[in-house]
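For reference, the structure discussed in these notes is given below.
Only heavy atoms go into these numbers, but all of them, side chains included; no hydrogens, no water, no symmetry mates.
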Amino acid sequence: MACSIVQFCSFQDLQSARDFLFPHLREETPGALKRDPSKTSSWEDDSWGAWEETEPREPEEEGNTSKTQKNSWLQECVLSLSPTSDLMVIAREQKAAFLVRKWKHGDKGKEEMQFAVGWSGSVSAEEGEYVTSALCIPLASQKRSSTGRPDWTCIVVGFTSGYVRFYTEGVLLLAQLLNEDKVLQLKCRTYEIPRHPGVTEQNEELSILYPAAIVTIDGFSLFQSLRACRNQVAKAAASGNENIQPPPLAYKKWGLQDIDTIIDHASVGIMTLSPFDQMKTASNIGGFNAAIKNSPPAMSQYITVGSSPFTGFFYALEGSTQPLLSHVALAVASKLTSALFSAASGWLGWKSKHEEDTVQKQKPKMEPATPLAVRFGLPDSRRHGESICLSPCNTLAAVTDDFGRVILLDVARGIAIRMWKGYRDAQVGWIQIVEDLHERVPEKGGFSPFGNTQGPSRVAQFLVIYAPRRGILEVWNTQQGPRVGAFNVGKHCRLLYPGYKIMGLNNVTSQSWQPQTYQICLVDPVSASVKAVNVPFHLALSDKKSERAKDLHLVKKLSALLRAKSPRPDSFETEIKELILDIKYPATKKQALESILASDRLSFSCLRNVTQTLMDTLKNQELESVDEGLLQFCASKLKLLHLYESVSQLNTLDFHSDTPFSDNDLAVLLRLDDKELLKLRALLEKYKQENTKATVRFSEDADRVLPVKTFLEYLEYEKDALSIRKIGEEECVALGSFFFWKCLHGKSSTEEMCHSLESAGLSPQQLLSLLLSVWLSKEKDILDKPQSVCCLHTMLSLLSKMKVAIDETWDSQSVSPWWQQMRMACIQSENSGAALLSAHVGHSVAAQMSSGATDKKFSQMELDADAEALTDSWEALSLDTEYWKLLLRQLEDCLILQTLLHSKLSPPAAKAPSLQSEPLPRLSVKKLLEGGKGGIADSVAKWIFKQDLSPELLKCANKERDVENPDEPREDLLHLAYEQFPCSLELDVLHAHCCWEYVVQWNKDPEEARFLVRSIEHLKQILNPHVQNGIALMMWNTFLVKRFSAATYLMDKVGKSPKDRLCRRDVGMSDTALTSFLGSCLELLQTSLEADISRDEVQVPVLDTEDAWLSVEGPISIVELALEQKPIHYPLVEHHSVLCSILYASMRFSLKSVKPLALFDSKGKNAFFKDLTSIQLLPSGEMDPNFISVRQQFLLKVVSAAVQAQHSKDKDPSAEAANTHWKDLNWPGLAVDLAHHLQVSDDVIRRHYVGELYSHGADLLGEEAIFQVQDKEVLASQLLVLTGQRLAHALFHTQTKEGMELLARLPPTLCTWLKAMNPQDLQNTGVPIAATAKLVHKVMELLPEKHGQYSLALHLIDAVEAMATL
């Protein structure tokens, strides 16, 4: 193994964070300038190359500078990632973005971690302050169930104002001002278990660097304060009036002296000098006569980098100064109303400006710093330090400077021990690796504690250097070791090394759970990923003693040999054997053998010989030096190779069964009589015809040989037992085909195959699972070769006779798990034909074995013994047989249903909508059992919708075969399904499901109005009023009432039939679809009224289920839901029906100046769109005459429009197209019915209808309509005026000579009356004079003699007769 860099996380949208922190980069993007401002939220989705190709090419230097600036933006940010990888902070100046961890499913089905922007905004609380440093510190949980695990993460941010603020999930916890200078750097140290007793235990602390001071906050004090403040936030959120004072912070403040500039620092921790170093230090400070204390003092060591000196070493004696106490400045108020969190500000909330100003004005008192002089340093006046990074064990430190050097310091001695050149702007970090004891190789003849697997683990430290100028990441072995790894990673990354883990642990809690923390990672903004560096421990060992390095070289050589394009066959195998035998480490040798077995370029003989050679070599070695795991691995792989060889040989042998196979043999084999066999054949033949699909078949599919590489991946040995790995369905079919496909075709010996597999150690249960997976997946090939049923019978018999297949001690009163496994496979299969055949074979083999066991038991019985044992055996046989019979009935039903669902009618002339072209899902017994009582009817309803069958065809298919169209094959299949499912496909149940299926599909696409029309047709076909009422009510509440109410309010708002755009906006459909929708709603409401009338006369139906499907479970069926619905409130439904009629008429005839809701009073309006089963306060008594007048005007408009639409010569084509489904609607009759409900005189409507008919010239229809009018006298007066209009048009508008002469002979009164008539009111002026004469005589009949216009009518008769003679 070598060093590696692995991506463990990615960013969901890093570019949005960049755009927020660097707005000028976004503005300079040409793609953004060209884009529509309304679409700026997704501008980053465009690829960079899209606009670069179209824009003019800029000068090369300028283009490179711009691109570099856009990619190197992360170098200018303050960046911090939590060691537990759950939170990241990216900040710049006054802004910050907090990224939280999320999990999503990747392309390969595995969960991938991503960072997504949880909040972004300004974190500046004072004017002019910027962010200078940030940390994400995870805090340990205090709960017993999660001791040692991270509980929550605290965000620590330092500012140029000197403030250090602590945040949690959306709330500011603390705001501390410990020094008035700006914060330069924040660093943290958490608890680590000492490696050995000589190492001083370090305390947790947070160190804050200022330009001339260092403040260290005690970790325990900080941990308790943060917990208390977080609890305060929670309690403030719960009660709003509690305010708990958290404990104060304990900190130390050191004023650093004798140094010019400080850039970075490292807090080494408490150290104790050795006696020699103590005497040396005392002599240097106090001279020859200095006093020496008996116990060496403990000191806190600090190292700074900067200038003059380049590196400074400070030592603060413990106990020389008392820690200062700072009262915590709470940043939360007692109530949530004044808290910092605001829902409007997103994930993180902040104070209002007024509140923040109030807090900032009350700055805390500054404690003076304790002077601390530099003890010594590394003076270099020209060199300026830039950063320092302390190693995990606090012994080494890496320092970078402005000369492009990386200097390695010995912290204890204070000297530089190594220097690297050529690393300008370098970023450094450390990796500490603990040795894995299991990877050690025993040393021969040595007594080293590191030579066996029981000794202590060694620890190695590696220095990681990232050089952004060169875009390279290097890993170096310290202190004087070589470079062990190098990676090209790009020039714009950031190396993150936190140097701490989880705060709040101690020597007890740190051992309870090993935290999943990273040591060092690389953030790449170009690829938007976070990568971790992995270094194996063996790279720390010297090359001379490292056998691992030699082994890795051999592994690389082996990999190159396996990848060679043209391997030499003669020496290829020999080279592989030499390489794998030269490897020393067992783990590496196992890795090499795995790579050899995984190669698809090696022949089987080569794999077998290499594995056998390695096995023999291991056996010849001494037992103590042989790795047991490697030996077992070789043995297991060798067994698998032998099994592969034996199976391949059996499949290649020429084996042909000469036994003839007839239908009689099949009947005997399956234990069926001739009638049952014919029925089975007929069902399978129909299923085969309807289920045939055009599929592409490759020639190698049938005789495909499983590669040995794949074979080894599928199988494994566990505890000396051969088992199949957890593989997918396709892999199971491939492995099963390798074992059994030739056997099922009679081309391989079944007995020898079963013997080989049993000898290899495969359990019968696994073999049965593979056999059934092959059989059920190769349905088409099996149905083409009936002889395969015999082969399956033989194979199943042999598997059932294996030792552990059927337990001999199994309770005879229970069901055998062996046969239950087979039945479960058949139940779950979607290939009903193959499942039915396998169930018949299983039933036959089970019966054969049970009868054989019974005969054997009976022969051993005494002649005079009791027959109780025989009875027990027959009980067991009948119990298992009943399960088989039940399964066979279920599979037969499923087969018939599957055949029906895959049958297709002749292709329609018009193109079917996309909803009807979607394929139907395949069925299985399991799906039907889990689909509920309505699952079968629901499947058939989906097929009926797909075929768009009429309700009448469903009724015809339910009749006997002697009805019309008996030869229609689709009706035969449907008739067969009716016979097979008399309860589940009862007509009312089927119509209910069809009704629901059509309305569901209509709801997906409301423009398909015919779906809703067909749904209402199915609703009308339901005979039981209880079911009909429930389905109608469910349709209304689920799909119709919302659109109906939207249409009502829209039409009432515009005062006319709305245009197409408004209909689509408010109702979600076009104007033509809305017209049909209102007509369907009217039909549904009228059907509900009719069903409610006959509810009391019909009993509630009892929903039965076929015997084979009594165990069905799942969701409640539509019919059951319908029967649970309450009865409707008849007056309320009638009230809605009136409104629907008004809306439908307005849309159908495009009426104007109509506000539907204006026709009702307040009670009527309030009752609309309420639950149809509730009792509402409806209008009653006498209505206001103003309402009645408006209603009457509306009804007269409807009648006029209806007559005009029926008899006008220039009909509206769009109106006709919208009314194709409702041509038989009697609008005048509907208007009369509405008149009854709206308290309008129906006689007025009838008279107006008669007048409109005569006005349009439909005199014959008018004569029939006269009989329905009650007030004939008023009608006669109206018709008399219409007669005068006809005569006036004939006399005055034609102006013929004969007409003028006739006009001169007319009585003056009649002539004056005719001149007053307006013929333009007539809709049809071309009526023959004979029809007008007939109309005048009709008026004379209706007018009484004493009527004032009777004489005028007499004169009209004379005038008409005179005109008839012209």
Looking only at atom types and distance, does a side-chain atom of [X] sit under 3.5 Å from a main-chain N or O of [Y], one as donor and one as acceptor?
X      : Y      : answer
Thr478 : Gln461 : yes
Asn284 : Gly287 : no
Glu204 : Gly504 : yes
Arg469 : Gly422 : no
Asp551 : Tyr585 : yes
Arg494 : Leu74  : yes
Gln301 : Val411 : yes
Arg424 : Asp402 : yes
Glu201 : Tyr191 : no
Thr517 : Pro83  : no

If you measure from [atom1] on [X] to [atom2] on [Y], what distance do you get to the nearest 0.5 Å?
X      : Y      : atom1 : atom2 : value
Thr190 : Ile502 : OG1   : CD1   : 8.5 Å
Cys9   : Leu81  : SG    : CG    : 8.0 Å
Ile433 : Asn534 : CD1   : CG    : 7.5 Å
Met419 : Leu408 : CE    : CG    : 10.5 Å
Thr153 : Leu139 : OG1   : CG    : 8.0 Å
Phe314 : Ser267 : CZ    : OG    : 12.5 Å

Residues, nucleotides or ligands: over 12 heavy atoms within 6.0 Å of Phe220 CZ: no
Thr395: side chain to side chain donor-acceptor pair (under 3.5 Å) partners, not counting sequence neighbours: none
Over all atoms of both residues, closest heavy-atom pair of [X] and [Y]:
X      : Y      : result
His492 : Ser72  : ND1-CB, 3.5 Å
Val489 : Ile472 : CG2-C, 4.4 Å
Pro211 : Lys182 : CD-O, 3.2 Å
Leu495 : Val428 : CD2-C, 3.7 Å
Pro138 : Tyr500 : CD-CE1, 4.2 Å
Ala140 : Leu505 : CB-CD2, 3.6 Å

Stepwise side chain to side chain contact (heavy atoms under 4.5 Å, CB included) test for Val459 and Cys393: CA-CA 10 Å; Val459 177; Cys393 61; over 6 Å; no
Can a donor-acceptor pair be found between the side chains of [X] and [Y] at a distance below 3.5 Å?
X      : Y      : answer
Tyr423 : Glu474 : yes
Thr160 : Thr132 : no
Gln432 : Trp430 : no

Any side-chain heavy atom of [X] sitting closer than 4.5 Å to one from [Y]?
X      : Y      : answer
Thr370 : Leu372 : no
Leu249 : Gln176 : yes
Trp420 : Arg405 : no
Thr311 : Ile303 : yes
Thr400 : Ile465 : no
Tyr210 : Leu178 : yes
Phe166 : Leu222 : yes
Arg418 : Trp476 : yes

Verdict with reasoning, Val530 to Tyr518, per side chain to side chain contact (heavy atoms under 4.5 Å, CB included): CA-CA 11 Å; Val530 184; Tyr518 73 93; over 6 Å; no
Member of Gln202, Glu318, Glu205 meeting the side chain to side chain donor-acceptor pair (under 3.5 Å) criterion with Ser300: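 The option that passes is Glu318.
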Parallel, tilted or perpendicular: ring planes of Tyr302 versus Trp254, cut at 30 and 60 degrees: tilted
Ring-face cation contact, Tyr163 with Arg165, 6.0 Å cut, 45° max: yes
CA sep, side-chain torsions, deciding dist, call: Ser207, His265, side-chain hydrogen bond (donor to acceptor under 3.5 Å, both in side chains): CA-CA 9 Å; Ser207 59; His265 79 291; 2.9 Å; yes
Side chain to side chain contact (heavy atoms under 4.5 Å, CB included) assessment of Phe8 paired with Cys521: CA-CA 9 Å; Phe8 73 93; Cys521 69; 4.1 Å; yes
Worked check of side chain to side chain contact (heavy atoms under 4.5 Å, CB included) between Leu177 and Met366: CA-CA 8 Å; Leu177 184 63; Met366 292 294 103; 3.8 Å; yes
